[in-house]
Number of protein chains: 4
Amino acid sequence: MPRTEEANQHIREVRREQLLQAAAQVFARKGLADATVAEIAAAAGVSHGLLYRHFASKEEVFAAVVEQSLEQAGQLARAALAQPGTAWDRLRWITERIFPGQALGNRPQFFMVVLYALTNEGVSEHVHNMAVQQGKIIRDVVQQFVVEGQQSGHVRLGDPQQLTRLFLASIQGLVLSETFRQSNGADLPTLDMVLQILRA
Amino acid sequence: MPRTEEANQHIREVRREQLLQAAAQVFARKGLADATVAEIAAAAGVSHGLLYRHFASKEEVFAAVVEQSLEQAGQLARAALAQPGTAWDRLRWITERIFPGQALGNRPQFFMVVLYALTNEGVSEHVHNMAVQQGKIIRDVVQQFVVEGQQSGHVRLGDPQQLTRLFLASIQGLVLSETFRQSNGADLPTLDMVLQILRA
Amino acid sequence: MPRTEEANQHIREVRREQLLQAAAQVFARKGLADATVAEIAAAAGVSHGLLYRHFASKEEVFAAVVEQSLEQAGQLARAALAQPGTAWDRLRWITERIFPGQALGNRPQFFMVVLYALTNEGVSEHVHNMAVQQGKIIRDVVQQFVVEGQQSGHVRLGDPQQLTRLFLASIQGLVLSETFRQSNGADLPTLDMVLQILRA
Amino acid sequence: MPRTEEANQHIREVRREQLLQAAAQVFARKGLADATVAEIAAAAGVSHGLLYRHFASKEEVFAAVVEQSLEQAGQLARAALAQPGTAWDRLRWITERIFPGQALGNRPQFFMVVLYALTNEGVSEHVHNMAVQQGKIIRDVVQQFVVEGQQSGHVRLGDPQQLTRLFLASIQGLVLSETFRQSNGADLPTLDMVLQILRA
DNA sequence: GATGAATGAGGATTCATTCAT
DNA sequence: GATGAATGAATCCTCATTCAT
């Protein structure tokens, strides 16, 4: 007799998650154009044919990875806003979670995939927009904290947009440099050094 | 009939430079895997067949772009070291030349190509190493200025490696964000805001 | 627990017939190469896996459809021969049953499938031969009626083979044109107009 | 030095024609779905890669074949209308050119390809419409001759649409049967037997 | 030097078929 | 009996590279 409905549903979810994990890894290392479907499927431990029972195309797998990243950014933003304490406390809280070396799950993979989606012309408008949106979500939250921090005297004065952008750019620059460094993070600046950029 | 020798030589150089310019543009927008030889040749205004008279393969074109970037980094580093003034003056001098929005020639293209060479697994070891080398050249010069600046009291105290890395990471993060921003640089932080990271 | 044997047997037959019906529809619309097993199974309301419990391969399903058509042709031929009346009466009787618009069950589907089997190189020798045989069965009966009709003065004179072939070709051409006509048969020639071809 | 512009143009035209010829053959024998691009290219004596320098896809090759058939039908129709003589003369003239066994060029291939385009659901709307149009062009001309022939007393009385349809259906049925007959046309009805259908 | 026709290896995608449940 | 997850062979299509002119 056939598998139960739930059993199949479960298998599908597990497979999809495996594929997304594998795809994030591969896309992060090779980008969309260079990654092959066979490689992603192999990394997920399934045949390439099965991938197409879960995603319509390589492009859609890529889109799903970016979408997942977008969702995680949304969750992070909401969690940050729900955090107790001063604006500075919340700024530190969210910074801890986007700072390199914190290795929260597959953050680095996501970062590279989103970066690819932002910079590469071969990416569809839709996916590009999701990537843009993802960046904006984090930026908006941080900027809000910067403004509040300036009011409470924790954050140095200056254009909040510029300050936010500089702050996030430095973190992104560090994430990036961590990515292609054989490095164990030995001489990575500390979280506090980076926060210093905003410190009043 | 005479002169043909020199004329040909000249044409060759011009063509090669055209191709490299075009290649930098295309590789910056699409990366190595997604860029096509036909597209590069078209951007250079020549047939794709001709490209193979100047480069043995697409990979070699890419390598030549990275190499050119490496050479420019070397020139920039030597020029910075030859600059008069205090360590801080020289730090500012070189910063002005790597800061986004300064639009020094094709810097942004080079940046993206080198970034691709650093992060993408599909790039050959040799080319990857050139890209790593390029980063190191700039980093070493800046770090030297940081050390000197700390001694002369212009640069804040702290681990020079970490400070240098944070400083360069923020610039790279800004260059990157400029790349995928429709942005006219409106809310780009100022050079002085960035230098503040190092300011004593 | 008892009865299961019979019940199962019954289910098998019903399923097989469902599948053949569905297959005839789909093969008629798409041909052998373009039709998918999944589509046939879906049209029959079962899973594609089940199809393989009844047929060894897609090709065999196709073969079974052609075979069914062959059997029906045989039945039709025998019935025509058993028909009372003059040669002309029997000619008219069988013509009524192969004439388009009479919508005798799934005749049009069968027609298209047999046509595909006759004309497409991708069809196996065996299946092709069944299709040829099917045509011959009808042709032979009609030709016999033509010969008899000539003797009795109902059918015009001339080479019986040629007359038969012309007569059947016109019917087949009409069936075909009905197939791809949004047509409700409005301007379809009448049965008598077609019989006129043979009328003395 | 490069080939002259005309030389290239010439090569392209020759190749395109080769490919269309080959495609008509292969599509006629296998249909759209079953024919492979490799097979078509091989039949044309070129690599499959080259086919894509002339056509964007297999579907477009198919479309081009149907279009060519459409154009030939248009030419035939115009020529028939320009023909001197009575309606009956012109009817006979065009019939001679669509009657099987006349082997005017690649008529049989075209016939099968158009038939496929008419009956197979896998064919795009656009291509299907061209095929419909092709049939209509011939039908309209013949019907005009039928009407004129009735007025001049050459053609039997009756609904011109029905008569035309019956007449063309019989020719099409004969073309079809010639296609899958190993036959040399031995017992093919004569042209006059077919014209008898319309004869007053 | 320059062009673009030609080739074929590589990779995305489909789908017949198998098989565990 | 019935299902649908899983596989991989087959085929379309792209594009780096070669080469005749």
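Keep in mind it's a predicted model, so treat the numbers as computed, not measured.
In this structure, the CZ atom of C/R53 is 15 Å from the P atom of F/dG4, given to the nearest Å. Atom C1' of nucleotide F/dT11 and atom CG of D/L32 are separated by 13 Å, given to the nearest angstrom. We find that NE2 of A/H10 is positioned 14 Å from P of E/dT21, with the value rounded to whole Å. The separation between A/Y52 atom OH and E/dG11 atom P is 12 Å, rounded to whole Å. Protein atom CD of D/E5 is 7 Å distant from nucleotide atom P of E/dG4, rounded to whole Å. Straight-line distance from the CZ atom of D/F62 to the P atom of F/dC13: 14 Å, rounded to whole Å. Atom CD of A/E59 and atom P of F/dT14 are 16 Å apart (whole Å). In this structure, B/D34 places its CG atom 14 Å from C1' of E/dA12, rounding to the nearest Å.
Using a 4.0 Å heavy-atom criterion, one finds that C/A56 contacts no nucleic acid atom at all. Using a 4.0 Å heavy-atom distance criterion, A/A33 is classed as making no nucleic acid contact. A/T4 comes within 4.0 angstrom of no nucleic acid atom, judged by non-hydrogen atoms across all strands. Using a 4.0 Å heavy-atom cutoff across all strands shown, D/A35 reaches sugar-phosphate atoms only and no base atom.
Listed nucleotides E/dA16, F/dA2, F/dA6 differ in distance to C/K58; the shortest reach to its side chain belongs to E/dA16. Distances were taken from every side-chain heavy atom of D/S47 (C-beta onward) to each of F/dG1, E/dT7, F/dA6; the shortest belongs to E/dT7.
The shortest distance between side-chain heavy atoms of D/H54 and D/V61 does not fall below 4.5 Å. By the 4.5 Å heavy-atom criterion applied to side chains, C/R29 and C/E39 are counted as neighbours. With a 4.5 Å cut-off on side-chain heavy atoms, D/N120 and D/L32 do not count as touching.
When the nearest nucleotides of DNA chain F are assigned to B/A38 and C/L51 by heavy-atom distance, the more 5′-ward of the two goes with C/L51. Of the two residues near DNA chain E, B/H54 and D/R15, the one whose nearest nucleotide lies more 5' is B/H54. Comparing A/L50 and B/G49 by the nucleotide of DNA chain E that holds the closest heavy atom to each, the one mapping nearer the 5' end is B/G49.
A donor-acceptor distance shorter than 3.5 angstrom exists from the side chain of A/H128 to the backbone of A/A117, with no hydrogens or angles considered.
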Begin with the C-alpha distance, continue with both residues' side-chain angles, and end with the deciding distance and a verdict on side-chain contact (heavy atoms from CB on, under 4.5 Å) for B/T119 and A/Y116.
-> CA-CA 10 Å; B/T119 59; A/Y116 188 95; over 6 Å; no
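For A/N8 and F/dG4, the shortest distance from a side-chain N or O to OP1 or OP2 is not below 4.0 Å.
For the residue pair A/R15/A/Q18, the side-chain donor-acceptor check at 3.5 Å is satisfied.
Across all strands shown, E/dT7 is found opposite F/dA16 as a Watson-Crick or G-U wobble partner, with both distances under 3.5 Å. Remark: F/dA10 base-pairs with E/dT13. Criterion, Watson-Crick or G-U wobble with two distances under 3.5 Å. Across all strands shown, E/dT21 pairs with F/dA2; the Watson-Crick or G-U wobble distances both stay below 3.5 Å.
For C/H48 and F/dA2, a side-chain-to-base donor-acceptor distance below 3.5 Å is absent, hydrogens and geometry of angles not being considered.
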